[in-house]
Structure formats: structure tokens, C-alpha cells
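None of the values given here were measured: they were computed from a predicted structure. The chains referred to below are lettered A, B, ... by the order of the sequence lines, with proteins before strands, and numbering in each begins at 1.
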Amino acid sequence: MTPAELGAAVRSVVAAAVQAGELDVEVPAEVSVERPRVKEHGDYATSVALQLAKKAGRGPREVAELLAARLREVDGVAEVDVAGPGFLNLRLAQGALGEVVRTVVRQGPAFGRNEALAGLAVDLEFVSANPTGPVHVGSVRWAAVGDALGRLLEASGAKVTREYYVNDAGVQIDRFAASLYAASKGLPTPEEGYQGEYVAEWAARALEREPAIADLPETEAVERFRVVGLQVALDEIRGSLASFGVDFDVWSSELALATSGAVDRALQRLRDQGHVYENDGAVWLRTTDFGDDKDRVLVKSDGVGTYFLSDAAYYVDKRSRGFDRCIYMLGADHHGYVGRLKALAACAGDDPAQTLEVRIGQLVNVLQGGQPVKMSKRAGTMVTLEDLVALTGVDAARYTLARSSTDSTLDLDVEAVTRQTSDNPVFYVQYAATRAASVQRNAEALGLTAGDDADLSLLTHPREAELLLALAEFPAVVATAAELREPHRVARYLEESVAKAAQRFWDDCQVLPKGDEEVAPTAAPRLLLWRATRTVLENGLALLGVSAPERM
RNA sequence: GCCCCCGUAGCUCAGGGGAUAGAGCGCUACCCUCCGGAGGUAGAAGCGCAGGUUCGAAUCCUGCCGGGGGCACCA
């Protein structure tokens, strides 16, 4: 019996009590059961009696007793206790607890998925770092978390499009092009230009692609460097993200918004909705109609569109491409954007609460030996995605970045990451998965297979129960993590619940015979439990984009 | 001045109103001739402060203190 099934059972018990006139309350839409912190409190507990007591005008313990009597009749429930102020502590029958193994094994890669977002077309925009240099570790947080979020949303049934917005318009690209030109001529970096070693490299690569640039006069050469340099940059960025396991479906160009007419269409749409006006020669959007602190300029008095106009065009464009919901993952340095983006969506005639979701994540502090490293793309002093991966490997980097909440600033000590590689929790989780695989291998070598008809009621050891309960939680963990957009919950669950329980199970519960021993009756169910454990670890790690190796 | 995030063990972090607040690292003491010890067991150690809401608050609300980020006709 899974927690979801048990919750449903408790709910129907409440309904039955109401039906029978024992309780005068509205039956709650959903009743959930939780794992109690203290083992002695049973396999699961529910506080439903505490919540209903007041509405029913009865004492909580009285309500609990009344529900307990009915719960004891439920199939698969072995024990029901009323505890403390009115908690219902439940213990499942051995067989009912073990059945989760069969559920996991039969569902395989599908175990943990749900349909909460079925049919929803989601545009997930993340990273979107300026294409003027390599992806640095600050952006890598969004690569790891954003991709994991995409996987989570997909596991909840959503159709997810991963999108990268390329800021290929604006003065930073002018400076970038000028810097490439200077580097190609061996000239000093221009004022406000980009320096770093990569600039010369990229300039050389641009020249490889288009050798004729070398012979052009400066103005034209810079123009070509703008175009070809951008291609080099995007290839570089795309490549390093791909090697990190993050593949974007759509690369949207800011420049193309203007040439494709998306800007004009957006402007027209906003005018039609009646939120555009002119003042001091500039064109404004009255975002204050929808809670923004001040109105925003769309077209400056010199006739040039603002960055915000591009944002507007981009949003309207996304919606016109059929997305129900546009999710933006932005760094904390963009938090001031949230208000105007929401107002913008409203100005375009949408309900931002439905169509727009901005996730703000806190920044990454890069430290080296405890000292902060100042990172600047322009000064070329930065730690790149590739530097990080070279130090830690993809799995460790992705796991480390995805296992903490994005509400908190992340301190990433490059030295410590290298030094503590073997202490990284990812290895603890992967090691458990490896053990699961090795048990299977060794079993096969002995000619044993884990048929899914094994007698799971033999799984009576406390360590087995602990592991069974942990595995059963997985679907709820996935659903919650997806709903809250918090991939780190999956990581914490894997390490603190599953891997931990698996290691303890390993320690106390021998599966295969040693030497001349007979094959124990528990061998088959335990083998199957290991298979289920492997599946949950694989599925969970896959949500984070981390591999579950067969061997380490 | 206004807005957003954070403050939990010595350190790095989990804990979306529930019972005795959890991990990793570090520290102390144990276990291990075993299907892979990157392990297991036991222990010391903590919710910034003050109010409020609630049967019940690390969690929700208000204020204060401390840290980080942001408030353009820049991109």
C-alpha cells in the first residue's frame, strides 16, 4: 500500500463516519499521511482528527478514536493508535508494506511520475547568459537547476521547451566585436572591452571561419566580427552546456525579434490593449496599471527600442508560439524585473498568474580557499563551466548545484570542491545505486534472478521496512518538488532517505549465500527490493541529470 | 528611502503548521577476516532577537538586528 492509497483510505473512513452520522463535518478533498519522525509512532501518521475536531465541535482524541475504530477494519492496516493530542498512528500489515516493491519494479522508469501537469505546454527559459564569453559558474547554477526543473515538470506530465534567450543586440555586442577585432590585430583591449584569454582564441576561431575578415578595413572587420564572433560564442556556449548534459530546444535571438516583425506585432498588441502612450517624445507602457512602481519606456525619444521592448516582444512571441505558461529563471540581480514582466503580461491582455512565472534564484559566490573570487567577464577573471567540470566531473557538479535551495546564496569554494570530491553526497547516492547493481550482478553469477513473484511478506527486518517506506515516498517527493519548482528536494530525499536506508539494509541484511551456504528464503524478495531501490535511485538521479553508474 | 532573498550544530546546508528539528564535513568512542567500507553504531553540539496568530510555529504575520542582491529613455 502506497502513502497515497493509505491517504485515500483514511479519507474514505472519514466519509464513512460522516455518512453514518458519527461526525458532522465536510469531508476534506484530500487527506495525507506522513512519515512520523519517531519510528515508534508507526509507519505513517495523520493529523486529520486534529484538523476536523474543531469543525465537528468534538474533542480531537474523541474524533481520532472514532476514526481509529473504522481504520482498523481497512485491509492492509495492521495497527491503529491514537496518540498525543489526537494523532492517528498507523502501521501497515507486512504484506501491504512489501507490495510497494512490486509496484516499483513493474513501473520501472515510470515510477514516480504523475499527471498533475498533463497537457500543459511550458516554455522554460534559463541561463540566457550574454553571448560575450564562456558560461561561468554563476550561470551554471541555473543550468543545473533549470534543466532539473524541466525534467521534474516533464515527470509531472508537462510538455517542456527549454529555451535560451540570446542577447545579441545592444552595446555589449559592440564591445565584444571591437574586442575581437583588437585581439586579432594584437592591439590593446578597447575601453570597456572584454579581456580574458578566450577573446584572442575566439578571434582566431572567427578568422578560421572567415579568413577574409583579416583584410577588411576596421569598420567592416568589426561588423564581421560581430556576426561571426557571435557564431563562435554560441557554438562555444552550446557545446559546453551540452557537455554538461543541458540541451536547449530553442535559441531565440533578440536581434531576430526586430527583423521578424515580432517587435512590431507586440507593440501593436500593447496599443490595441490600450496601455501605450507617448510622453517627452518617448513611447511608454503604462505598467503602473498593473502594479509596477513606474511606467516603462518602450521606444526612447531617439527612436531606438529599449531592452524592455525586446522583452515585451519576446514574451508576446512566446505566447504566440502556443505556450500556456512561460517560466523565467532569473538571478537575484534581476529581481526588479518581476514586477514589470507581470505588468507587461497583463498589458498584453493575459492573466500573469496563469501565463507567467518568474523564479528568482540567489547568486553564487565563488570562493577560493575561503576568499571570494571577483568574477568579471569583461576582465576575464572568471571560473567557467568547463573549469568547474574539469575539477569535479559533470555528475558531482550537477548534483552539488542542484541539491540546495535557490532561495539561498550558494557559496562554492572551488578549492573545497576539488578537495572534498570524495565527500560529495553525490557519491553516497551513486554508491548505493552501484551496490544495488552489484548485488544483481552477483546474483546472476549464482544463477539467481529476482522474479517479481517473490514473497514480499518475508521482508520483515526493520531495515527492510525502513527502505520500503523510503521507496514508497518517491512519487510524493517528485510531485511536491515539481509543484514547488524545487529540484533540491529530490536530491535531499535520495541522500537522506533512500541511500541512507539502502546502506543500512546492506549492512544488516545479507542477500546472497556466502561460501557453501544455502540460498535463504529471503534471497528472492531481498533481491527484488534491491532492484526496486536501484530503480528509485536511477529515476531520482535522472531527474537531476546525474548518472547512476553500474560500477564505481 | 523602497523592493526581493537569507539568518537552524564549529562549517556547508535540509526541514511548504504537527509529536523528541535532520544530513554531510569536522570532533569523541566503537564495529568491520562479510554479496564492493566512498560503509555502519553510539555521542557532544543548534532554530538571530522581541511580539502576534494557532490546540500546536524553525515554518504564517509585524517590528528590530545582521548578511546578500536590486531599484535607468543601460544591456
Side-chain angles (χ1 to χ4, degrees), chain A residues 34 36-38 40-41 45-47 50-51 53-54 59-60 83-87 89 130 132 167 169-175 254 279-284 293-294 296-308 310 331-339 360-363 365 370 400 403-413 416 420-432 434-435 437-443 445-446 448 463 480 483-484 486 488-489 491-493 495-497 499-500 503-504 506-515 523 526-527 530 551-552:
Chain A
E34 302 171 351
R37 286 214 190 88
V38 187
E40 291 68 43
H41 290 160
T46 176
S47 58
L50 288 161
Q51 285 149 15
K54 193 172 225 175
F87 292 101
N89 292 336
N130 268 338
T132 51
N167 295 122
V171 301
Q172 85 279 6
I173 295 293
D174 296 338
R175 291 171 184 159
E254 181 185 356
N279 188 32
D280 295 335
V283 179
W284 297 71
D293 336 346
K294 56 185 117 176
R296 306 289 168 174
V297 174
L298 291 168
V299 183
K300 294 187 279 182
S301 50
D302 63 6
V304 177
T306 61
Y307 189 77
F308 183 61
S310 296
D333 51 342
H334 284 78
H335 111 269
Y337 252 59
V338 181
I360 295 295
Q362 300 303 308
L363 304 176
N365 288 326
T400 303
R403 75 185 283 275
S404 57
S405 163
T406 55
D407 281 346
S408 293
T409 313
L410 182 68
D411 286 332
L412 195 70
D413 193 317
Q420 294 173 357
T421 291
S422 62
D423 303 325
N424 193 312
V426 69
F427 295 103
Y428 183 76
V429 178
Q430 287 185 315
Y431 190 56
T434 304
R435 278 192 156 150
S438 78
V439 173
Q440 303 296 324
R441 273 199 307 276
N442 293 330
L446 291 172
L448 295 172
R463 292 296 162 80
T480 302
E483 183 194 336
L484 297 179
E486 294 183 346
H488 74 274
R489 285 170 181 270
R492 298 298 176 145
Y493 157 77
E495 58 194 77
E496 286 170 22
S497 294
K500 176 138 198 133
Q503 299 280 21
R504 285 153 66 111
W506 169 276
D507 231 49
D508 286 1
C509 300
Q510 186 182 330
V511 179
L512 303 176
K514 295 179 222 168
R526 282 181 175 171
L527 212 44
W530 269 118
R551 301 162 194 273
M552 288 179 73

Touch class at under 4.0 angstrom, heavy-atom based, for A:Ala169 against every strand present: sugar-phosphate
Considering all heavy atoms, the nearest A:Arg551-A:Thr434 contact: CA-CG2, 3.6 Å
Touch class at under 4.0 angstrom, heavy-atom based, for A:Ala45 against every strand present: base
Side-chain N,O (A:Asn442) to OP1/OP2 (B:rG36) below 4.0 Å: yes
Hey, what are the protein-to-nucleotides 53-57 of chain B N/O distances that come in under 3.5 Å?
unit_1	atom_1	unit_2	atom_2	d
B:rC55	OP1	A:Lys54	NZ	2.2

A:Trp506 aromatic ring stacked with six-membered ring of B:rG39, 5.5 Å and 30°: no
Contacts of A:Val297 that satisfy side chain to side chain contact (heavy atoms under 4.5 Å, CB included) - sequence neighbours left out: A:Ala282, A:Trp284, A:Lys300, A:Thr306
Separation of B:rC74 P from A:Asn167 CG (nearest whole Å): 16 Å
Inter-nucleotide P distance (B:rG66, B:rG48), Å rounded: 16 Å
Sugar-phosphate, base or nothing in reach of A:Asp174, heavy atoms under 4.0 Å: nothing
Heavy-atom closest contact (A:Gly331 atom, A:Ile360 atom, distance): O-CD1, 4.1 Å
Interatomic distance where CG belongs to A:Asp302 and C1' belongs to B:rC74 [whole Å]: 12 Å
Structure string for RNA chain B in dot-bracket form, Watson-Crick and G-U at under 3.5 Å, | interchain: (((((((..((((....[...)))).(((((.......)))))....(((((..]....))))))))))))....
Euclidean distance, atom CD of residue A:Gln503 to atom C1' of B:rU41 [Å, nearest integer]: 14 Å
Selected nucleotide, minimal atom distance to A:Arg441 side chain, candidates B:rG18, B:rG36, B:rC13: B:rG36
Residues that A:Lys294 engages under side chain to side chain donor-acceptor pair (under 3.5 Å), provided they are two or more places apart: none
Interatomic distance where CG belongs to A:Asp507 and P belongs to B:rG40 [whole Å]: 7 Å
Non-neighbouring partners of A:Asp174 that pass side chain to side chain donor-acceptor pair (under 3.5 Å), sequence neighbours left out: A:Arg226
Pairwise P distance, B:rU8 and B:rA50 [rounded to whole Å]: 16 Å
Nearest-angstrom distance, P atom, B:rC30 to B:rG15: 36 Å
Modelled atom types, side-chain donor and acceptor of A:Asn424 and A:Thr400, under 3.5 Å: yes
Sugar-phosphate, base or nothing in reach of A:Val171, heavy atoms under 4.0 Å: sugar-phosphate
d(CD, A:Gln172; C1', B:rC74) in whole Å: 10 Å
Inter-nucleotide C1' distance (B:rU53, B:rG67), Å rounded: 28 Å
Write out a two-atom table: protein N or O, nucleotide N or O from nucleotides 14-16 of chain B, distance below 3.5 Å.
unit_1	atom_1	unit_2	atom_2	d
B:rA14	OP1	A:Ser405	N	2.6
B:rA14	O3'	A:His488	NE2	3.4
B:rG15	OP1	A:His488	NE2	2.6
B:rG16	OP1	A:Arg489	NH1	3.3
B:rG16	OP1	A:Arg489	NH2	3.4
B:rG16	O6	A:Thr480	OG1	3.1

Which residues share a ring-ring contact (aromatic ring centres under 6.0 Å, His included) with A:Phe308, sequence neighbours left out: none
Gap between atoms CG and P, on A:Asn130 and B:rC74 respectively (whole Å): 17 Å
Partner set under side chain to side chain donor-acceptor pair (under 3.5 Å) for A:Glu34, not counting sequence neighbours: none
CA sep, side-chain torsions, deciding dist, call: A:Trp506, A:Arg463, side chain to side chain contact (heavy atoms under 4.5 Å, CB included): CA-CA 9 Å; A:Trp506 169 276; A:Arg463 292 296 162 80; over 6 Å; no
Residue whose nearest RNA chain B nucleotide is more 5′ - A:Ile173 or A:Phe87: A:Phe87
B:rG10 to B:rA72 separation - C1' atoms, rounded to the nearest Å: 45 Å
Heavy-atom side-chain proximity of A:Leu50 to A:Pro85 below 4.5 angstrom: yes
Whole angstrom value for the distance that separates C1' of B:rG39 from CD of A:Gln510: 16 Å
Counterpart residues, side chain to side chain donor-acceptor pair (under 3.5 Å), relative to A:Asp333 (two or more places apart): none
Of A:Val511 and A:Asn89, the one whose closest RNA chain B nucleotide lies more 5': A:Asn89
Rounded interatomic separation in angstrom, taking CZ from A:Arg551 and C1' from B:rA38: 17 Å
Partner residues of A:Arg37 under the salt bridge (Lys or Arg N to Asp or Glu O under 4.0 Å) criterion, sequence neighbours left out: none
Minimum heavy-atom distance A:Asp407-A:Gln362, with the two atoms named: O-CG, 3.0 Å
Partner residues of A:Glu495 under the salt bridge (Lys or Arg N to Asp or Glu O under 4.0 Å) criterion, sequence neighbours left out: A:Arg403
Letter per nucleotide, 5' to 3', of nucleotides 65-71 of chain B [B base touched, S only sugar-phosphate touched, - untouched; heavy atoms, 4.0 Å]: ---BBSS
Nearest-0.5 Å distance that lies between atom OH in A:Tyr431 and atom CD in A:Gln503: 7.0 Å
Separation of the P atoms in B:rA42 and B:rG24, to the nearest angstrom: 12 Å
Nearest-angstrom distance, C1' atom, B:rA45 to B:rG26: 12 Å
Span that lies between the P atom of B:rG43 and that of B:rA38, in whole angstrom: 25 Å
Between A:Gln172 and A:Thr132, a side-chain donor and acceptor under 3.5 Å: no
Distance below 4.0 Å between A:Tyr307 side-chain N/O and B:rA75 OP1 or OP2: no
